[in-house]
Number of protein chains: 2
Amino acid sequence: MVVQAVKWIGDIDGYLELVDQRRLPGEFVSLQCRDTRFLFDAIKTLAVRGAPAIGVAAAYGLALALQESKAGDSPEKALAELTKAREYLASSRPTAVNLFWALDRMRRKAEGFVEGEAGATVTALREAVLAEAKAIHSEDVEMCRQIGLHGEKFIKEGAGILTHCNAGALATGGQGTALSPMFEAHKKGRKFSVYADETRPLLQGARLTAWELKQAGIQVAVICDNMAGWLMKQGKINAVITGADRIAANGDAANKIGTYSVSILAREHGVPFYIAAPSSTFDLSIASGAEIPIEQRAAEEVTSFAGTRTVPAGVSVWNPAFDVTEARNIAAIITERGVIENPDTEIISQCLAPSSRGS
Amino acid sequence: MVVQAVKWIGDIDGYLELVDQRRLPGEFVSLQCRDTRFLFDAIKTLAVRGAPAIGVAAAYGLALALQESKAGDSPEKALAELTKAREYLASSRPTAVNLFWALDRMRRKAEGFVEGEAGATVTALREAVLAEAKAIHSEDVEMCRQIGLHGEKFIKEGAGILTHCNAGALATGGQGTALSPMFEAHKKGRKFSVYADETRPLLQGARLTAWELKQAGIQVAVICDNMAGWLMKQGKINAVITGADRIAANGDAANKIGTYSVSILAREHGVPFYIAAPSSTFDLSIASGAEIPIEQRAAEEVTSFAGTRTVPAGVSVWNPAFDVTEARNIAAIITERGVIENPDTEIISQCLAPSSRGS
């Protein structure tokens, strides 16, 4: 069964349930978020992670904010509280685009409701807010499913599929992006094996991808990142599928560090390399990947593990969070709107035009 | 200062001192080996590792064996004890070629001494055995130094050098193989930076290479293995130097898993890739790397770290210890006899012919 990382339980007095990803794979623990402070901490400490999953969770967070409301019968006061909660939750992960997007959409909905409905009650506002959060969630579920339906054809019977990091159900409101084609192919009864790069330094591949594929009954093996090339050389990999964090107008795709190397190794071995990501991942304001800034993360992620030091004190570390895979190494980008093969600036702008659908 | 992994302290009543590599980089502890049982455990549990270092340590082990002797005044009895100790130490790492080589050379020396010298005393035998161990050790020191002298020209002023795993002073009796050119370039006052792949799963690069380069005052930074390609893309790497465990007649080289990927990434970025290894690493009985068997190691190396599980229970792991880098991706093999550029079967057989010396 495909795990569900984010769930709303009950009606407007209900709560948000999250899979605690900090404790995987050792323990499977569900968190019940009943207030915004708890949710803030869950986002900040990566109990919930993955841009789409964070966006969905934060949207539900505004429904929680209205449960805490001291506004009495005043929708205007409730709206002011919601706006304040929006600011608060937005500060939990300062660079998470989906987080801001979801919170802004929720605020606009709430504002529109209060301004538009004469005699609106706080209860009706709460219903409207929860409905909007559910809409964001179900759109995310559908987006994931469409990526899966468009991408499953790339997973042939008996294939070996390599993935890097975690772009699965744990990272979204639905069944993931990179893993979604695998879930769809599995649903169709196709047999295949997935190899999950462990994905240093934070091991999302070992801890999360392997866990959720196993939950779903899909054959999975973990490898260290440095084994991917040799695995391809043995002929065991027929396709690579990863997610993306941001895609430039020409198709260059930023994703977890290590993706770039995998794309080079895939080309060397004649293995097609696919990116699976929603169309919202495209940032057409940047012409190429050269314009994507790469965040450097804390040295401690590399220098110690589970409290044991692995790098001598005083030795420096280079720890970029992402790298950029060039469009020329990408066989196709699988989106919810269709598949963009051999991506370049022209075909991407055609496929993403409002009236168009991909192939 | 370059660390010395293996040292004999004192005369024939002395002892063997080893750097305890299990505890690096957290603690720098020297082990005093005063008997063969202690040394056996040190080899078996990787307190001393690296094929040449194990060979040298085991040679000294036979000097320790004679300290334990109950043979009284009988050189023949002492020789029988030495032969037994040889068997015992040889069983500590069943696949270590240098270990067998060093132990056999020691046994032949001891046998020749007892047979050749009429009226030989046990004390004279002990002196001959210690002298042979010291000869093996100093040949190893000189081999390392010659590799460094031949290879240092590949490290230019201001260069960035990538290495994988640990083929340094900690792995040999001398100043290492892959790291030796770095020590020689540093001695000449050249400034350069080394990037050490952390080298999953056992992190020899992070734990050992970074530690010994820092000890020697050489600028070093650790990266996760999956960052090497992106680092090259940033133009930060001018050469790659690694060791090798076994080199086929055509120049294909087996080395720590991950080396193959690094060689592909280096070629993609126009970065020369060098192997540094003694000529004894060549196995001319195998035509190409395809004939080199690749050991699969225990899943536990990948599935947990410092007692914390990183891979879900029940998920399988692929954990080859080595991979094979094709000769066509190797710019040169640096040996103690000289540099073999663009290695292939013909040039290797010429360079390794008894009468010949490399360039």
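So that the names make sense, note that chain A is the first sequence line, chain B the second, and so on, each numbered from 1.
Heavy atoms only, all atoms of each residue included: A:P272 and A:N238 are closest at CD-O, 3.2 Å. In this structure, A:G243 and A:T177 approach most closely via the heavy-atom pair CA-OG1, 4.3 Å. Between A:A244 and A:I275, the closest heavy-atom pair is CB-CG2, 3.7 Å. Across all non-hydrogen atoms, the minimal contact from B:P25 to A:V311 is CG-C, 3.9 Å. Contact between A:C224 and B:V302 at its shortest, heavy atoms only, is SG-CG2, 3.8 Å. Heavy atoms only, all atoms of each residue included: B:G176 and B:T172 are closest at N-OG1, 3.0 Å.
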Worked check of side chain to side chain contact (heavy atoms under 4.5 Å, CB included) between A:V19 and A:L24: CA-CA 9 Å; A:V19 174; A:L24 289 174; 4.0 Å; yes
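Atom CH2 in B:W318 sits 7.0 Å away from atom NZ in A:K236 (nearest 0.5 Å). Between A:M182 atom CE and A:Q175 atom CD the span is 11.5 Å, to the nearest 0.5 Å. In this structure, CD1 on B:I161 lies 7.0 Å from CZ on B:F192, to the nearest 0.5 angstrom. Taken from CD1 in A:I218 to CG in A:L179, the straight-line distance is 7.5 Å, to the nearest 0.5 Å. For the atom pair A:Q4 CD and A:L18 CG, the distance stands at 11.0 Å (nearest 0.5 Å). Interatomic distance, B:I241 CD1 to B:F273 CZ, rounded to the nearest 0.5 Å: 10.0 Å.
In the model, A:Q219 has no side-chain atom that pairs as donor or acceptor with a side-chain atom of A:S193 under 3.5 Å. Using a 3.5 Å distance cut-off with no hydrogens or angles, the side chains of A:Q21 and A:N166 do not pair a donor with an acceptor.
Looking at heavy atoms from C-beta onward, A:L265 lies in side-chain contact with B:S261 at the 4.5 angstrom threshold. Two residues are said to be in side-chain contact when any heavy atoms from C-beta on lie closer than 4.5 Å; A:R22 and A:T45 meet this criterion. Considering only heavy atoms from C-beta on, A:Q215 stays 4.5 Å or farther from A:M1 through its side chain.
Here B:V220 is the residue among B:T259, B:V220, B:L213 with the most heavy-atom pairs under 4.5 Å with chain A. Highest contact tally toward chain A, considering only B:G307, B:A313, B:G229, is held by B:G229 [criterion: heavy-atom pairs under 4.5 Å]. Taking B:L231, B:V262, B:T308 one by one and counting their heavy-atom pairs under 4.5 Å with chain A, the maximum is reached by B:L231. Among B:N319, B:V317, B:V315, the residue with the largest count of heavy-atom pairs under 4.5 Å with chain A is B:V315. No other option in A:L208, A:I223, A:I264 has as many heavy-atom pairs under 4.5 Å with chain B as A:I264. Counting heavy-atom pairs under 4.5 Å between each of A:R309, A:M232, A:R267, A:H164 and chain B puts A:R267 at the top.
Proximity to chain A is absent for every atom of B:E301, based on heavy atoms less than 4.5 angstrom apart. The contact between A:D225 and chain B is made entirely by side chain atoms (from C-beta outward), counting heavy-atom distances below 4.5 Å. Using a 4.5 Å cut-off between heavy atoms, B:Y260 touches chain A through its side chain atoms alone. Of the two parts of B:F28, neither the backbone nor the side chain holds a non-hydrogen atom closer than 4.5 Å to a non-hydrogen atom of chain A.
Interface residues of residues 323-331 of chain A toward chain B, defined by a heavy-atom distance below 4.5 Å and sorted by number: A:D323, A:V324, A:E326, A:R328. Using a 4.5 Å heavy-atom cut-off against chain A, the contacting residues of residues 195-207 of chain B are B:E198, B:T199, B:R200, B:P201, B:L203, B:A206, B:R207. Chain A is approached within less than 4.5 Å, heavy atom to heavy atom, by B:I257, B:G258 from residues 251-258 of chain B, ordered by number. Heavy-atom neighbours of chain B within the stretch residues 286-300 of chain A, taken at a separation under 4.5 angstrom, comprise A:I294.
The backbone N or O of A:T345 sits nowhere less than 3.5 Å from a side-chain atom of A:N250 that would complete a donor-acceptor pair.
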